Structure formats: C-alpha cells, structure tokens
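The structure under discussion appears below in the form of structure tokens.
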Amino acid sequence: MEYNFNDIERKWRKHWADHKTFAAEDNSTKPKYYVLDMFPYPSGAGLHVGHPLGYIASDIYARYKRLRGYNVLHPMGYDSFGLPAEQYAIQTGQHPAITTEQNIARYRDQLDKIGFSFDWEREVRTSSPEYYKWTQWIFKQIFNSWYNTKTDKAESIDSLIAEFEKNGNSEVKAVSEFTDLFTADEWKAYSEKEKSDILMEYRLAYLADSWVNWCPALGTVLANDEVINGLSERGGHPVEQKLMRQWSMRIKAYAERLITGLDTVDWTDAIKDMQRNWIGKSVGCSVRFQVAFDSAQSPEAQIEVFTTRPDTIFGVSFMVLAPEHPLVDEITTAEYKDAIEAYKTAASLKSERDRQADVKNITGQFTGAYAIHPFSGEKIPVWIGDYVLASYGTGAVMAVPCGDQRDWDFAKHFNIPIKNIFENVDISEAAYTEKEGTIADSGFLTGLSVKEAMKAAIAKIEEHQLGFGKTNYRLRDAIFSRQRYWGEPFPVYYKNDIPHLVDDAHLPIELPEVDKYLPTEDGEPPLARAEKSAWKYSEGDRMEYNTMPGWAGSSFYFLRYMDPHNTQEFVSKEKADYWNQVDLYIGGSEHATGHLLYSRFWCKFLFDMGYISFDEPFKKMINQGMILGKSAIAYIGADDKLYSYDLIENQLKSEKEIANHVADKITDTEIPNSIQTYREVRILIDLINDDESIKIDELRTWQPQFEDIELVPNENGKITVRREVDKMSKRWFNVVTPDDLCEKYGADTLRMYEMFLGPLEQTKPWDTKGISGVHNFLRKLWRLFYNEGQLIVTNEPASKESLKTLHKTIKKVEDDLERYSFNTNVSNMMICVNELTDQKCHSKEVLEQVVILLAPYAPHAAEELWEALGHEAGTVSTAQFPTFNPDMLVEANTVYPVSFNGKMRFNAELPTTFSAKEVEEAVLAMPEAQKWLEGKAPKKVIVVPGKIVNMVV
RNA sequence: GCGGAUGUGGUGAAAUUGGUAGACACGCUAGACUUAGGAUCUAGUGCCGAGAGGUAUGCGGGUUCGAGUCCCUCCAUCCGCACCA
C-alpha cells in the first residue's frame, strides 16, 4: 500500500469528528491540562502558512499530553468582532455578521484540513449574542466596582455607597482622581445626578472626557497607530485632538499587581519587560516648591514636581514646566510674556509625534519667575520646555543638571550654572546618573550615600509637609469606547443623562440593525442610526451608542471555553476551579501590551470578585515567531520594458549605495539619473518558477500593466526577480496558503515541515524548498511497514540496536516537548526512521512504539499505521506514551571521559555494549580508576549514557 | 539612549549538567536504475591541503584537562520602548 495521504487524512478527519475523539471531560480522574492558542480574527484573506505555526505547536503538545494520560482542554474559537468586516460592510452594504460567518466557515475548513485536535464542541465566537451576553455582564460587574486600596482589591460599589452613607468619603482609600471631601449628610443630600457623577469617579469602568484622535472625514476615533503624521493611515485625512465623553477602564488600579504578578508566570523576559516598561513604575516622591513672592499673582502659587531622585534636591538649579502647565500664565513676568507666548504657540503647533521625533534640539524659555528652594531658600529660575511632558507626573520637574543628562544638556545650552552635589565626581563633561556614591554640599544630606539620602530626603519632605513619597505609573487608563458598529453594545441606557445598567434578565443587548454602518451626520456613532424599535431591548431616553473595543471579548474567552454553553453564568465556579489557569498559551508577542495586559487585568478583577480562584490567566506562554513572505520584485525600466533582475543586479547594488548617501547629503538635483532608471514592481509569487524566473504567460494575464510589456530577458531567455523578505500580506502578493500544500503533500507533511523550519520563537521567512525532505520521511516511514502493498511487520524480537534507536528517540521527544522547544523533534523522528531502515527493523515491538511517538506530529499517518498493526481504529490518540529505559542507550565502543569531583582524570574506552550500571562497574574495575580513588569507594557515580562518567569521591 | 533577543557550512539549522562542532534536511557533485524525471537508490559534500595534516561556531581576551556552551570588552543584525523627571 502506498502512502496515500489524501485518502488517509480524509478518513481520519472524519473518524475524529464522528467520534468526538478530542472532547475534553469536565470531570475526570485524570489530571487536567489546558493548552490554548490565541484565537484568530477571521479575516477575509483566510489563513496563510504563518497562522497555523503556533496552532501546530500547541496541537503537538496537546496530543502529547493526552498520550501522557492528561485530560486535555484544547479549544478554538474566533475573535470575530473587528474592523475589516465593518469596513467591508461600509463599502458593500453587506451585514458584517454575514461576512464574518463566511470567513469563519473558510477558516474552519482550512483548520480542519490540518488535522488539529480541537474540541470544537466548545467553540466560542465573540460576536455571537450567547457569548457577548457575558462580555456585557462582566462590564456590568466592573462598572459596579471600585478599587479599595486598603484591602488592595476591587469591591462592589455597594460597599462604597454604604460607607458614603455612614461616614462620607473622608476615610475612603480608593484609586480615584476625586479629591473633594464630603460628609455622610452631604452625600445624602446630593441629587441623583451628583451621586452618579461622584460614583463615576470611583467606578472601575467609568465615563470621562478623554482626548482622542478624531478624524472628521472618517467620522471616527482612531488609535494612535492609525495616525501617521497627523493624517489618518487610511485615506490620509486630517486628524484632530478632540475631547470626547468615553468609557474607560481603571486599569491603573491594578498597575502594581500587574507588575508583581509577572513574577508568578513563566513567560519570556522579553514580554515581561515589555509589560513592565509599559506600566512604567517609578518610585520617588512629590515635592512642592513655593513660587517666589514677587513672581506670582497669588501668594499661594506652588509648583508640584515628581522626582525619583529626592536625594539630589540640593542640586536643583532650575525648574522646568511643560508649556501646557496651568501655572505658566500666572507666573510669567510681564517682561517675558511675549517670549513665553511665542514658545507656547510653537510647541502647540508641533504634533506629539513631531515633538518626540525632535529630541536633539534643546528648546526652552525662561518665565522670569523664581521658585524658592524649600531647604536652602535659594531662588531657582523657572523655565518652560517641551522636553517636559504635561501628561506625565505633574507636568513639572526640578532640574538637577549634575544628576540628569537632559537637565545637564538644558543647563549647558542656556548657560545655567551647574551645581555638583556628588563627592569626588567629575561632571564637567556629562551628568553623573549612577545611583551610588556619596552626597556632598547638601545640607542635612551631606555625607550620606545616595540610598540613605533618598530615605532621609523623603522623611524630611514629609516632616515639613512639602510632599510625600509616591509611586508613579506611566500606564494610562484604557479607553473602552469605540464609535463603531461591529462590536459589543454596552448594557447601558441613559435617563436624564445619567447612565444606568440594563438588568441581567435583559442581556444580551443585541446589536440593532442600522441602515448604514457609518457615523451619523452630527458625528454620533453608527448605533445612533438605529430606530428605537430596532433595539430588541431599550429603556430610558436612549441606549449607549458606543460599542466596546476589540479587546473586550478576548479578555475572558479562555474562561468561557471551560463552560461555553452555560446560560446562567459566564463560567461555573466548579468548572473554573477544575480547569483553572491556562497551562500553556501559545501566540504572537505582538499582543504584549494589549490583549495580554487586559486579560490579566480582567482575570485579577474576576478573582477579586470571587468568580474564579486564580489571578493570573496564563501560567506559561510561548510566543511563536512570525512567518514572513518572500516577495518577488521585478524591475521596469524608464523605457517601460521589463528587465531581468540578474542583468541589472550589480548596477543596482552600487546605485543603492549612492541612494543611501543621497538621502542625507545630496540634494535632489544631484541624484544621478541612473537611480531613477528602474522602478520596482511586486509580482504575485505564484507566478514565479523555482529558478526565480517569471511565468511570462501568466504574468500577462495577471495585471493589465503587463499585458503588452516588452521584455529584456537574460541569456537563458528568462526574466528573473529579486526576492525580498516582507510580512506576509495580500498587498505584497507574497501570501502562501496552507491549502495548496495540504493538497500536494498532505497535512502531516505540512505540520512537520512547519515545525522543521527552525526555532518556534524565531521570525523566519517561509520557504517551501525543504518540504520534500519531510515528505520523503513519511514515505520512508511507510516503507518500514509496507513492501509492495504488503504489511511486513513481524513478531520477531527487536534487536538491541533497534531498541537503542527507539529509546533514544523516546528520550529526545520527551525532552523536547517537556522543554517546549518544537524545533528538533521532527528531526528526531527522521533519524529514528533512518536508523530503523538501515537496521532493516520490522519488529512490531519497536514499530508500535514509533507510531505512538509519531502520533502528535503526524496524527493521520499514525492512526493509519496503528490500525494496520491491529489496534482499534482511532485509539492511538489515547495510547500510552512509551516508557524510556536509559539502559537501552549505552553505546558500544564509547570513550567515556571519567571525572572525579568534576576534574577530568582519564578516558575510559569501553569495548562492548553496557547498561549504565555495567558502565559504572567497568570503569570502577579499571586500574586508572583505582589509582585516582586510592582504594576508596566513590560516594556517588553519575553515568550520562554515552557521554561521561562523573564520580564524587 | 534604554530594555530584550540573536550571531555556527552554499541554505534552514542541531549540539538537552562544559565532553567527538555542523546531527537532520535542502542544495550541490558523481554514479546506478530508467523511454523519461521536479521519481527512486548509492557515495561524497565546513574551509585550506595532492596528502599527512592543519584549521574552524561575529571580533578580542579570560576561566578550565576540555568552551558554540561559563565570564569580560567590543562589533553587527532584529524586536520592543523612547525627552517618563
């Protein structure tokens, strides 16, 4: 029988589906294991070969864990709310639900062909009402909560209201910007609107005016990365900053726990650092500087600064406010009014991006005002400068040029004196930014080390009530509103402009039908187009018109998989307790500061509220690298002819060099003409032959511009292209889909080849050239079992050699998978089959085990062979993983370095095959060993089979 | 600038307590079989050298009996953040 993969794979796909082979049990005596993939957004382009990379890795692991006797939860679903479907709807009028449905069908079809062991009974879709009912329900819980810093957790808003009614807010310690104090009586006297507004300051989901990127032409808010140089990424329309009433999530409340929680999870340092960086914790203190009496109109004027270096407070030689700082106008003296106004105007004209891009130029302007140093009483000049950001800290800094490089640069530039407060440190060339050494010339801090001085300074500042120790976070609250149609509606209605929650009984609030998917003429979100009758439920004056952002539905989906059909709870406590954390999460690192942060936030919140018993969602995570495409680039000359790349390759290379210089140094008129001789055109990679030449006939029909194009071929009469590695994308014409490969080589080959490409975590270009090697492996495997259609497996006992090969492979597979590096394991199977072939091994004893080893990687082939060996169909998935026996590994004729207490003493050549125990005995019997042992017996002997003998004496 | 990662043949890459560097695969070369080959099989393939042999894991040092692996300096590439006080 030939290795007829198409028939085999079809057969087993059907078998698995019919028998629900991979359904996870909710109650099992087996230990549980939860393997999760980041669910995809079902885009119209379908899957390309990059998508399944992580899915294959996780599938191998899930299958391996089943062989190891675990009850494995390995689900899949779709993050199906999103912009592309909405955009398509705007263009064509087709409802996004229909587009989404079609795309999901396509995805499912593609996924099925690869033979994943997903438990499809548990599929979730974030855009289905059964699912977003719970997104809305969780939103309600967050809205109905506040963060109590006394208990350091979220609590029900009812507990806060009770406290207000009893004692007002004077004793309340909460994460909130609200600073006014009120008594219980005052609280009771407030109107409903006033109460609502105050509570809004405490709620973890709250309404507030936020600055957003508003694009009038598109009628929508854009994310920062959708804005390029003040223009929208799509369409190039102007974008302006607009203050809009938006829902936000008080993620800041969890900043500290989001940092400390990282220590409890097994993620890469890269991702952890990205999150830490994003949260941006800095410990320091706030200090108020009195503005000099003659400088300000109000005698109370104070400048509050945040500093991480209170120890350097005697080194302050000037202060800098952000140009937008509210105190600037008040303190600026008449003499400097015009200059300050000019500077502020110049700064406001620069976009945030421009300001960030232009960090080299030092700018600033003296205000004419002075502040009083709280300890030395010296007068300190107050400047404004756009290197100080209004949005961070207090928008003002105390500048210590001797200890901060930016302050140093600023002082040098404006000739401000620099005071040195560090003992024996030269600051004539640069600031001294190390946090060690001794403080000098600093009043009560003189002689202290930096560390001591920090404590002493904060103590003194607090004692004099000038400020207090404080921790700042860069993390900002997350805006939770989107002015889009295709997202979760809020379970919120307004009555007299006060937001109210919809009762649980009426959830979900389903998306109403609208006539168009665009904002209204007066800038309201698309949902404002819905007639009141189009809402399946509505109350009050109006419903909330915003929808939730993409990350809402993806922030708890891992919990919903545990109990996807529960109509009473988003997950039952029992099931959440059983399945618990995701044991292994596989997905891209691009979600480091988005999805992965928000999921942790929601998980901690749900933990605080007692719905789940763990506060980190993903115990271990692997980030698979991106698979890049190799774009094909053709060259069209100024004469409009298509040139073969090899003809002009050398010429272009030297021109590239020139071009690199041109960018900086040479003006446009000086660019040599030759540089503009060719233009690059990307060609659909399906039109490229293996020898990098273009299939001309197909090219001519591909795009009109090539229909009649004149060719300048190379000496072989071909037009070659240049390859460039890009992100795989439709627009670069470099997408490779798994479908063709499945068709041509089979899913098992595709699976193994993707694992064979290189380290899972690494970014790598897709190259199909090596796939035949993997395919050959499967064919070779087949020849171990079959010869001319006959099964040639025998019941003869296995040779010692074959057993060694088998156990070596067991060990390698085990090690690879337990260490989660999916790069070499395919090679192990190849080596195994190569060796067994050389050994002419047809022993059932060995081959049976090989089939089990193979099952995670090439499940269809494994099932087929398993059945051929006389087992019940479809049971290899639940077989027992073979047990490794180290004695089988020991090499014959191996030279063992023998070491004593880690010191290598001699080499022992052992001429015959031994078990580990026998190696030990043989070495001990050698005269050299006796010489080093001096007659004593070793305390311990460690034999690494085939490698080294270590003795502890 | 800060943080993270990576650097090994023509190519993708292995090397799992510091123990034969380049497994495995692609490609290439030669041969066999074949009407044919984008099929299969056999042999070879880091570099230098006819050979013996020498030499080799980005550069330069160090520790060690022994270093791709550990330590230090530097260089290059990629990713993330970036005037964060």
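None of the values given here were measured: they were computed from a predicted structure.
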For [X] and [Y], take the angle between the two ring planes, folded into 0 to 90°, and tell me which bin it lands in: parallel under 30, tilted 30 to 60, perpendicular over 60.
X: A:Phe306; Y: A:Tyr392; result: perpendicular
X: A:Trp782; Y: A:Tyr3; result: tilted
X: A:Phe884; Y: A:His807; result: tilted

Using a cut-off of 4.0 Å on non-hydrogen atoms, how would the nucleic acid contact of [X] be classed: base, sugar-phosphate, or nothing?
X: A:Asn472; answer: nothing
X: A:Gln762; answer: sugar-phosphate
X: A:Lys744; answer: base
X: A:Asn776; answer: sugar-phosphate
X: A:Asp273; answer: sugar-phosphate

Starting at [atom1] of [X] and ending at [atom2] of [N], how long is that distance when rounded to a whole Å?
X: A:Lys727; N: B:C79; atom1: NZ; atom2: C1'; value: 12 Å
X: A:Tyr392; N: B:C84; atom1: OH; atom2: C1'; value: 5 Å
X: A:Arg783; N: B:U40; atom1: CZ; atom2: C1'; value: 8 Å
X: A:Asp311; N: B:A85; atom1: CG; atom2: P; value: 14 Å
X: A:Asp767; N: B:G12; atom1: CG; atom2: P; value: 10 Å
X: A:Leu750; N: B:A25; atom1: CG; atom2: C1'; value: 16 Å
X: A:Lys630; N: B:G12; atom1: NZ; atom2: P; value: 9 Å
X: A:Asn277; N: B:G4; atom1: CG; atom2: P; value: 11 Å

Please confirm whether the backbone N or O of [Y] pairs with a side-chain atom of [X], one donor and one acceptor, at under 3.5 Å?
X: A:Arg751; Y: A:Tyr857; result: yes
X: A:Lys419; Y: A:Phe314; result: yes
X: A:Lys272; Y: A:Asp263; result: no
X: A:Thr367; Y: A:Val382; result: yes

Which value, in whole Å, describes the distance between the [atom1] atoms of nucleotides [N] and [M]?
N: B:G27; M: B:G80; atom1: C1'; answer: 36 Å
N: B:A52; M: B:A36; atom1: P; answer: 39 Å
N: B:G44; M: B:G38; atom1: C1'; answer: 22 Å
N: B:U42; M: B:G54; atom1: P; answer: 33 Å
N: B:G62; M: B:C74; atom1: C1'; answer: 15 Å
N: B:A25; M: B:A43; atom1: P; answer: 12 Å
N: B:U11; M: B:G22; atom1: C1'; answer: 13 Å
N: B:U69; M: B:A56; atom1: P; answer: 14 Å

Worksheet entry | Salt-bridge contact A:Asp740-A:Lys744 (side-chain N to carboxylate O under 4.0 Å) | no
Counting side-chain heavy atoms from C-beta on, which of [options] comes nearest to [X]?
X: A:Pro759; options: B:C26, B:A85, B:A13; value: B:A13
X: A:Asp269; options: B:U16, B:A5, B:C24; value: B:A5
X: A:Ser827; options: B:C81, B:A85, B:A23; value: B:A23
X: A:Tyr387; options: B:A14, B:C83, B:U40; value: B:C83

Worksheet item: With pairs taken as Watson-Crick or G-U wobble and both distances under 3.5 angstrom, which stems of at least three consecutive pairs involve RNA chain B?
Response: B:1-7 with B:75-81, B:10-12 with B:24-26, B:27-32 with B:40-45, B:46-48 with B:53-55, B:60-62 with B:70-72
Look at the side-chain N and O atoms of [X] and state whether any lies under 4.0 Å from the OP1 or OP2 oxygen of [N].
X: A:Arg779; N: B:A39; result: no
X: A:Asn834; N: B:A25; result: yes
X: A:Gln275; N: B:G80; result: no

Worksheet item: Among pairs that include at least one residue of residues 392-408 of chain A, which meet salt bridge (Lys or Arg N to Asp or Glu O under 4.0 Å), considering only residues two or more places apart or in two chains?
Response: A:Asp404-A:Arg406
Discussion item. Checking A:Lys630 now: which residues fulfil side chain to side chain contact (heavy atoms under 4.5 Å, CB included) with it, not counting sequence neighbours?
Written reply: A:Arg723, A:Val725, A:Pro765, A:Asp767
Discussion item. Taking the nucleotide of RNA chain B with the nearest heavy atom to each, does A:Ser772 or A:Ile271 sit closer to the 5' end?
Written reply: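 Result: A:Ile271.
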Worksheet item: Hey, which of these two, A:Ile831 or A:Trp278, hits RNA chain B nearer its 5' end, going by closest nucleotide?
Response: A:Ile831
Item to complete: Quick one: classify the glycosidic conformation of B:G9 as syn or anti, with syn meaning within 90° of 0.
Response: syn
